[in-house]
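Okay, structure first, notes after.
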Amino acid sequence: MHDIKIIRENPEAFDAGLIRRGAEALSSELLALDEKSRKIQTDLQALQARRNEASKAIGAAKGKGDEEGAAALMAEVAEIKEKMPQLEEEDHQIKDELNNLMAALPNLPLDDVPTGEGEEENVELERWGDPRIFSFEARDHADLGPELGLDFETGAAMSGARFTFMRGAMARLNRAIGQFMLDQQTVKNGYSECAVPYLVRDHSLFGTGQLPKFAEDSFQTTEGHWLIPTAEVSLTNSVREQILSEDQFPIRLTALTPCFRSEAGSAGRDTKGLIRQHQFEKVEMVSITTPEQSAHEHERMTKAAEGILQALNLPYRKMLLCTGDMGATARKTYDLEVWLPGQGLYREISSCSNCGDYQARRMNTRYKREGEKHTIFAHTLNGSGLAVGRTLVAIIENYQQEDGSITIPDALLPYMGGITKIEQSS
RNA sequence: GGACAGGUGGCAGAGUGGUCGAAUGCAGCGGUCUUGAAAACCGCCGAGGGUGCAAGCUCUCCGUGGGUUCGAAUCCCACCCUGUCCGCCA
């Protein structure tokens, strides 16, 4: 959500930002509605003020037993009230229209975000780790997995495409990854562990920006709840409608949850393997902080995500997303892409975004600064730390052996109950 | 799922048709007193919007949305949420 006052002050900059994101300039339309709305509001308020005044006078007159005076005033109010419903109706209508337009707009990119249309124009910032040199031909996880307990067929049989059933040591490895990451983010990086609802209401998805525009990307129950597409929704909405105080910041929250995505519009993409599922687990990080601190917090959060890849010794690169590849709620996003030797490419495994006050405005999350009267919208950030399923993919491909088995990264051994290797029979 | 109770400012909690944006207490802020602190005392203290250079004037908000009324926190309707008890259940 945007601040209409900022649009009023600098409509050119606002439009330029929208255009950079591939959206259409909208300021003149918004400002026309805004002006109309303010005009109506002023007119309406003049009537309301007179009505309020007269009503009070009626009360006073009746109190004194002046029935005649009261009757005269009542006649005046009746007249005022004839004009009001029409203005009220117009007022509602225009405000709705304005709100609907505003609610559907994406966030504006920060200045240092490169302009571009799609992922080809993302900028690689750095690489970490040297891809392993294989003495044999590296296979991809969809090829290796079925022998090792990644049962795509059984998953598909009960639930359809994009669902996987995991067995034995592979299921355990999946669990170990989640536990390990959660421990890293809490103990090492200071995020507070949360266990959160997986079903949320409309207003929560609106708050984090999935609604109204991206309804088709999420699943909804027959009761009307939405299945969270990411724990970002549950964690970020924990501060909705709150006025916080500055000394609570930064609020750092994390949770390991399943994520549910309909993947509408992804037909035919990544149909093989674990890369794109309707259900996957993810450790999510969320920070709530001040406008002054959010850029720094963004760097810190990205490092927290990188720490996992480094601990698992998985080569990756850090990308700065261009305007066309960022999610709608973000002002700036870093993606971490892990090296997948079986596929011979880097693949997104984490996305860390600074949303500025975009979500806070939608959720009405504000804070007070010491000594200041007015409230300020907080800044929100979110990042994966990391996606469990894709980490599993990366481990399978990077830790594969010539015989088709995989070894367990050292960092995960404490979570594996003595298992050091996953091989065919397990 | 059934029955009942209830949703009021940061928190607690009064208010059942008029001068109520709302008593009181706590917390917070400023001050007096004190070497300093505590206590006591005094004062301030909800959010958002319109208009204006400003001072100010004004509007909206007592869960949400409608309605009744000259006038609604207060009455009516619907919905959402919370609590308690009962039922069922991991």
Side-chain angles (χ1 to χ4, degrees), chain A residues 1-9 30-100 102-103 195 197-207 211-212 220-226 234 237-249 251 258 288 357 360-378:
Chain A
M1 200 69 101
H2 294 282
D3 184 352
I4 190 75
K5 280 191 268 183
I6 288 174
I7 303 175
R8 255 183 241 154
E9 279 163 22
L30 295 174
L31 291 179
L33 283 171
D34 175 49
E35 201 174 319
K36 224 163 148 189
S37 159
R38 277 149 64 208
K39 167 85 174 77
I40 291 169
Q41 195 178 334
T42 307
D43 293 349
L44 185 58
Q45 280 180 8
L47 292 178
Q48 285 169 329
R50 265 171 65 198
R51 179 203 58 190
N52 290 347
E53 200 181 356
S55 291
K56 275 184 188 169
I58 291 168
K62 286 200 166 180
K64 278 187 260 165
D66 176 10
E67 289 299 330
E68 220 170 282
L73 285 161
M74 280 163 77
E76 191 199 337
V77 173
E79 205 175 305
I80 293 169
K81 281 186 68 181
E82 274 181 35
K83 299 178 197 159
M84 284 180 57
Q86 195 195 334
L87 279 175
E88 279 171 352
E89 172 66 19
E90 275 180 64
D91 187 45
H92 266 143
Q93 213 177 310
I94 288 177
K95 280 188 174 143
D96 277 356
E97 199 179 333
L98 189 56
N99 283 340
N100 290 341
M102 297 276 277
Y198 303 158
L199 298 178
V200 298
R201 295 186 177 281
D202 292 351
H203 63 250
S204 298
L205 273 198
F206 180 88
L211 289 181
Q220 192 170 25
T221 70
T222 53
E223 310 289 321
H225 284 100
W226 297 88
S234 309
N237 275 283
S238 68
V239 295
R240 68 173 298 106
E241 298 289 348
Q242 288 194 35
I243 300 176
L244 304 157
S245 65
E246 190 169 13
D247 55 24
Q248 292 174 262
F249 292 147
I251 297 172
I288 318 290
D357 63 5
R361 285 179 184 280
R362 298 170 83 94
M363 296 190 301
N364 203 21
T365 300
R366 295 158 294 167
Y367 72 96
K368 272 194 170 156
R369 201 172 282 165
E370 185 93 19
E372 280 182 30
K373 189 172 160 60
H374 281 283
T375 59
I376 303 163
F377 285 107

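Order of the sequence lines fixes the chain letters, A, B, ..., with proteins taken first and strands second; residue numbering starts at 1 for each chain.
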Name the pairing partner of [N], where a pair is Watson-Crick or G-U wobble with both distances under 3.5 Å, or state none.
| N | answer |
| --- | --- |
| B:rU32 | B:rA40 |
| B:rC4 | B:rG83 |
| B:rG46 | B:rC61 |
| B:rA27 | none |
| B:rA22 | none |

Could you state the atom-to-atom distance from [atom1] of [X] to [atom2] of [N] in whole Å?
| X | N | atom1 | atom2 | answer |
| --- | --- | --- | --- | --- |
| A:Tyr367 | B:rG10 | OH | P | 18 Å |
| A:His203 | B:rC80 | NE2 | P | 13 Å |
| A:Leu98 | B:rG49 | CG | P | 14 Å |
| A:Ile80 | B:rC59 | CD1 | P | 12 Å |
| A:Ile4 | B:rG48 | CD1 | P | 18 Å |
| A:Ile58 | B:rA72 | CD1 | C1' | 14 Å |
| A:Gln248 | B:rG10 | CD | P | 13 Å |
| A:Glu35 | B:rG49 | CD | P | 19 Å |

Tell me what [X] touches on the nucleic acid: a base, only sugar-phosphate, or nothing, going by heavy atoms under 4.0 Å.
| X | result |
| --- | --- |
| A:Arg8 | sugar-phosphate |
| A:Lys5 | sugar-phosphate |
| A:Thr375 | sugar-phosphate |
| A:His374 | sugar-phosphate |
| A:Leu73 | nothing |

Using the [atom1] atom on both, measure [N] against [M] and round to a whole Å.
| N | M | atom1 | answer |
| --- | --- | --- | --- |
| B:rA22 | B:rG1 | P | 41 Å |
| B:rA14 | B:rC89 | C1' | 41 Å |
| B:rA78 | B:rC70 | C1' | 26 Å |
| B:rA40 | B:rC33 | C1' | 9 Å |
| B:rG63 | B:rG9 | C1' | 14 Å |
| B:rA39 | B:rG46 | P | 24 Å |
| B:rG71 | B:rC57 | C1' | 22 Å |
| B:rA27 | B:rU19 | P | 31 Å |

Between A:Asn237 and A:Arg362, does a side-chain contact (heavy atoms from CB on, under 4.5 Å) hold up when you go through it step by step? CA-CA 10 Å; A:Asn237 275 283; A:Arg362 298 170 83 94; over 6 Å; no
Closest approach to the side chain of [X], judged atom by atom: which nucleotide of [options] is it?
| X | options | value |
| --- | --- | --- |
| A:Lys368 | B:rC59, B:rG46, B:rC70 | B:rG46 |
| A:Lys81 | B:rC70, B:rU51, B:rA47 | B:rC70 |
| A:Ser55 | B:rU51, B:rG18, B:rG49 | B:rG18 |
| A:Ala49 | B:rU58, B:rU51, B:rG18 | B:rU58 |

For the [atom1] atom of [X] and the [atom2] atom of [Y], what is their distance to the nearest 0.5 Å?
| X | Y | atom1 | atom2 | result |
| --- | --- | --- | --- | --- |
| A:Asp43 | A:Gln48 | CG | CD | 11.0 Å |
| A:Met363 | A:Phe377 | CE | CZ | 10.5 Å |
| A:Ile376 | A:Arg366 | CD1 | CZ | 11.5 Å |
| A:Lys368 | A:Leu244 | NZ | CG | 11.5 Å |

Minimal non-hydrogen separation, A:Arg361 against A:His2, with atom names: CD-C, 4.2 Å
Which heavy atom of A:Phe249 sits nearest a heavy atom of A:Ile288, and at what distance? CD2-O, 3.3 Å
Whichever of A:Ala46 and A:Val77 has the more 5' nearest nucleotide on RNA chain B, that residue is A:Ala46
The residue, A:Gln41 or A:Arg50, whose nearest nucleotide of RNA chain B is more 5′ is A:Gln41
Checking A:Arg8 side chain against A:Glu35 main chain: does a donor-acceptor pair fall under 3.5 Å? no
Show the distances under 3.5 angstrom between N or O atoms of the protein and N or O atoms of nucleotides 60-66 of chain B.
{"unit_1": "B:rU60", "atom_1": "OP1", "unit_2": "A:Arg51", "atom_2": "NH2", "d": "3.2"}
{"unit_1": "B:rU60", "atom_1": "OP2", "unit_2": "A:Asn52", "atom_2": "ND2", "d": "3.4"}

Establish, with yes or no, whether the OP1 or OP2 oxygen of B:rG49 is under 4.0 angstrom from a side-chain nitrogen or oxygen of A:Arg38. no
Just so I know, are the side chains of A:Glu223 and A:Leu199 near enough to count as touching, which here means a heavy-atom distance under 4.5 Å? no
If you look only at distance, which donor and acceptor atoms sit under 3.5 Å apart when one is on a side chain in residues 70-94 of chain A and the other is two or more places apart or in another chain?
{"unit_1": "A:Asp91", "atom_1": "OD1", "unit_2": "A:Lys95", "atom_2": "NZ", "d": "3.3"}
{"unit_1": "A:Asp91", "atom_1": "OD2", "unit_2": "A:Lys95", "atom_2": "NZ", "d": "3.4"}

